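Quick note on labels: first sequence line is chain A, next is B, and so on, each numbered from 1. Quick caveat, the model's predicted, so the values are computed rather than measured.
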2 protein chains.
Amino acid sequence: MTEQDRPRVPRGQARDRIVAAATELFARLGYEATTTRQIVEAAQVTKGALYHWFSSKEELLTSIYRELLAEQTARLEAIAAADGPADVRLHRAVSDLFTHMDEHAEPLTVWARSMHLVAGEHAAAVRAERRRYQHLFQDLVEEGQKTGAFRPDVPASVITNTFLSSVVQIHRWFRSQGPLTRRELGEQMVSLFLDGVRVVPAG
Amino acid sequence: MTEQDRPRVPRGQARDRIVAAATELFARLGYEATTTRQIVEAAQVTKGALYHWFSSKEELLTSIYRELLAEQTARLEAIAAADGPADVRLHRAVSDLFTHMDEHAEPLTVWARSMHLVAGEHAAAVRAERRRYQHLFQDLVEEGQKTGAFRPDVPASVITNTFLSSVVQIHRWFRSQGPLTRRELGEQMVSLFLDGVRVVPAG
DNA sequence: GCCAACATACCGGGCGGTCGGTTGGTGACC
DNA sequence: GGTCACCAACCGACCGCCCGGTATGTTGGC
């Protein structure tokens, strides 16, 4: 009827709004429990816009992963390629990871909760990127083992997986309203990771 | 036609078969991606049996959790209440946890993947039990901190959550066909947890 | 005027859940 | 020790809803 029957979203914003809304909903409700209708409603667009930019709901999920992973991998790559001893670079990488998490808590939650649902052709690409990230991290650990900074009796893969697992799960218990900031928590977890909880190491 | 048109499942086995089939399917495909039809087909019963024993698909999921949690909590309770220094009991508790995981890898996978989907009235009960388990563990850590066995500069809640997170995530990367047994992995993770990865602790 | 960039109405399928019916073990009773 | 009523335990056809996805129309900037 009138020119502002409803406040329309300006052209060119639809894709970003869809990704933002989907990220928030996936993080809060989980991928499977979120419907495409909820997404377009939250983004204040229509299904036409969603399926104009994404070929399926799964591709929308995948694109959230890839964006996050690409950024994380690039950061880790830069730090790993820098100069200095391996343990220092590892410490720097972990600190940076927590900084990054501070800014991208939601997509990380999506990742942690729904990663295993990506299947088919999408899965291969995502898993490849994920392995690339994991290997960058693991290489740093191995380098630290070779130079004598880290203990050699536990495989680097076990060390890497153990640490990254505890990081990925932070969203399940950490509340930003709590006494700690995510950055402070990061420092404590790095310290735990490096030195453990025991005061006097067993001789 | 004949008396064995199809091999019927004997009476009284239906509930167990449903739980077993649901556990396997939930662990492999995820809760949301598993349909009630797949469950009853795998269990070789019908939907009548499923909804005779469970009021909903969600209650079936919840019952898997509660069974697992109840057993784990009972084990931890027994170990925590025993004699001996806190750090020894903690070590014992963790070793026992890995032994238990060895026997119940599937329901633990279900737990790790689909815990966040439990909502409504079911959620309260499950979360309460989960908190009870967590507190038992955390109390051991705090006791160790008071007796001087564990470092006091990191909150016991952070220590507990960090460690339990890495344990819960094991199913994502550990393959029982690999070089390590789950028991051996457990020992390595306990060692990492206690002493960290650094060879020479910072002065 | 033409093609992205959307909007809107619509669809087939499969999902969780239901409901009236059947079966078989169990115990009370003679 | 036969039989018979009874009620869990279980069967299976069925339902309505809502989901992901589509087909066609509309708009606006270059």
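No salt bridge links A/Arg183 with A/Glu187; every basic N to acidic carboxylate O contact stays at or beyond 4.0 Å. Between B/Asp87 and A/Arg198, none of the side-chain N atoms (NZ, or NE/NH1/NH2) sits under 4.0 Å from a carboxylate O, so this pair counts as no salt bridge. Between B/Glu41 and B/Arg37, no side-chain nitrogen of the basic residue sits less than 4.0 Å from a carboxylate oxygen of the acidic one, so the salt-bridge criterion is not met.
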Give every donor-acceptor pair under 3.5 Å between a side-chain atom in residues 78-86 of chain B and any protein atom, sequence neighbours left out.
none

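Following rounding to the nearest Å, B/Arg15 (CZ) and D/dA8 (P) show an atom-to-atom distance of 17 Å. In this entry the distance linking CG of B/Leu50 with P of C/dC15 reads 14 Å, nearest Å. B/Gln13 has its CD atom 17 Å from the C1' atom of D/dA8, to the nearest Å. If you measure from atom CD of B/Glu59 to atom P of C/dG17, you get 10 Å, rounded to the nearest angstrom. Atoms CZ (B/Phe54) and C1' (C/dG16) sit 15 Å apart, rounded to a whole Å.
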Report each atom pair, protein N/O against N/O of nucleotides 19-25 of chain D, whose distance is under 3.5 angstrom.
residue, atom, partner, partner atom, Å
D/dC19, OP2, A/Arg37, NE, 3.4
D/dG20, OP1, A/Thr34, O, 3.4
D/dG20, OP1, A/Lys57, NZ, 2.8
D/dG20, OP2, A/Thr36, N, 2.8
D/dG20, OP2, A/Thr36, OG1, 3.1
D/dG20, N7, A/Arg37, NH2, 2.7
D/dG20, N7, A/Lys47, NZ, 3.1
D/dG20, O6, A/Arg37, NH2, 2.8
D/dG21, OP2, A/Tyr51, OH, 2.7
D/dG21, OP2, A/Lys57, N, 2.9
D/dG21, N7, A/Lys47, NZ, 2.6
D/dG21, O6, A/Lys47, NZ, 2.9

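Tested against A/Gln134, the residues A/Asn161, A/Asp139, A/Thr160 include a single side-chain hydrogen bond (donor to acceptor under 3.5 Å, both in side chains) partner, A/Asn161. Here the options are B/Tyr133, B/Trp111, B/Phe26, the test is ring-ring contact (aromatic ring centres under 6.0 Å, His included), and the partner is B/Tyr65; only B/Trp111 passes.
The phosphate of D/dA8 has neither OP1 nor OP2 within less than 4.0 Å of any side-chain N or O from B/Trp53. Taking side-chain N and O atoms only, B/His52 has no distance below 4.0 Å to OP1 or OP2 of D/dC10.
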